[in-house]
Every structure is written in structure tokens, then in C-alpha cells.
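Down below is the structure, laid out as C-alpha cells.
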Amino acid sequence: MIQTENLTFQYHKKGKNFHFPDLFLRHTEHLLILGKSGIGKTTLLHLMAGLLQPGTGSVTIDGICLQSFNNKQLDRFVGQNIGLVFQKNLAVWSLNVIENIQARLFFSRKKVDNALILNLLDQLNIGDCRLKKINELSEGQLQRLGIALAVIHKPKVILADEPTSSLDDENCKIVIELLIKQAKQTNANLIVITHDHRVKSLFSNSITL
Ligand SMILES: Nc1ncnc2c1ncn2[C@@H]1O[C@H](COP(=O)(O)OP(=O)(O)OP(=O)(O)O)[C@@H](O)[C@H]1O
């Protein structure tokens, strides 16, 4: 469950003050957030991920308010409970695929279970890339690794920022279906932000900022 209330945010004192609509997603519900470029989609996602602190308002995940934490507690909670899929993958280039996922589990303070990792990589169709370094992966394989890194620790909420922007129609559908499938398997909320209208038909629940 994720809920936002009365969220506002300003990058600079004299800059625009963003006011975001209240969101409420029950356990396992998904949401697509659409809106034109510059409207504040990524800003809202970063507020929900605890990467930015709101000027006013709150973000609550499974009854726990992010604004009640100090920085250390927030880092820990976010690392354990939120999965982020970025446009540009945040994998560590000096590690191979499986080592990247092991590191993700380690930093989330979750048990490193190689059977679980291999199973997920197989589901995402990158099992045969497990020993490859990041620079040896194709764009599509890198995108799938991004999903693996976002879901391996079974987060309560998966937040995806423009996960399909550089993909053709076929791969766009594949990536969204993979995210929905992974969210379903872990009973997570899935929130995708995009200005890619191709994604709209794949979600039953959407809002436009
Ligand atoms: N770190 C920052 N400092 C100052 N202004 C910022 C910063 N990040 C974003 N902005 C501004 O805030 C506004 C909203 O940005 P944001 O990235 O949230 O929009 P968006 O809807 O996700 O856009 P896009 O679809 O192009 O990614 C933009 O005008 C942007 O220039």
C-alpha cells in the first residue's frame, strides 16, 4: 500500500512550487502516471522513493510514513522496501550480472540466495548473461537487468521512471509485461511514470499530471 497526501516540492526558493495530487494504491494495485515533459513526473517519483524530501505532505508505505525517519532510517527503509527502475541502468560496470544482483541484495540487507537470483534471471531471459560484464550486454539485456535489480529484494513498491522510452513497440510491451509479472509475484505496488502513450493500454489505472 502506498499513499501520498498533500505533497508539494520546490527545487529552489524562487522556483516553481509543485503541488501533486493525492495518490492511494491498495496492496498490489498498479498505476500509470502520464504527463507532458517537465510537468514533474520524475520529481513525484523521487518524492515517493524518499530521494527528495517534500516541502509539505507525506508518503506512507504500508502504514509507515517516510517523513517520520531520520536519514539513516530512511536509507535503510528505502533500500529494503522500494525497487527503482531508472531510464539509465545503475549497474556497477566492474561487476558481472550475478555479482551486481548479489551486491543489491547485500546492500538491502537481504539473504544472498543464488538459486533465487538464477531463477529471476531465467524468467527475465538473461540467465545465459549471468557471467557477462555490463558493457557486454545489449540495450534490451541491460533493461532486463534493471528490472532484476529493482525486484530481487522483493520490494513493497516498484517505481519505474520512463522504462520504455528508448524501446520499439515490441520491446516496450515486453518490458511492461515483465514489470507487471514481477510485481504480481511479490504482491508489490507498481507505479510507472512515462510520456509514452503506447504504455496506456497495458494499465487499467492511470492519471495525468
Ligand atoms: N535538480 C533540479 N534542480 C532544479 N530544477 C529541476 C531539477 N530537476 C528537475 N528540475 C525541473 O523541474 C521540472 C520538472 O522536472 P521533472 O524531471 O520532474 O519532469 P518530468 O515530467 O519527469 O519531465 P520528462 O518527462 O521530460 O522527464 C522541470 O522544469 C525541470 O527542469
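Whatever order the structure lists ligands and atoms in, that order sets their numbers, starting from 1.
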Do I126 and L145 pass the side-chain contact (heavy atoms from CB on, under 4.5 Å) test, and can you show the C-alpha distance, the side-chain angles, and the key distance before you say yes or no?
CA-CA 8 Å; I126 47 172; L145 173 60; 4.3 Å; yes
Can a side-chain donor-acceptor contact be found between N81 and K156 if the only test is distance below 3.5 angstrom?
yes
For ligand 1, the residues whose heavy atoms come within less than 4.0 Å (ordered by chain, then number)
Y11, H12, F18, K36, S37, G38, I39, G40, K41, T42, T43, E162, H195
Are side-chain N/O atoms of T4 and D22 paired as donor and acceptor at under 3.5 Å?
no
For residues 8-17, the salt bridge (charged side-chain N to carboxylate O under 4.0 Å, His left out) pairs (sequence neighbours left out) are none
Taking only residues two or more places apart in sequence, or in another chain, which ones meet F86 in a ring-ring contact (aromatic ring centres under 6.0 Å, His included)?
none
By ring-ring contact (aromatic ring centres under 6.0 Å, His included), F106 pairs with (sequence neighbours left out) none
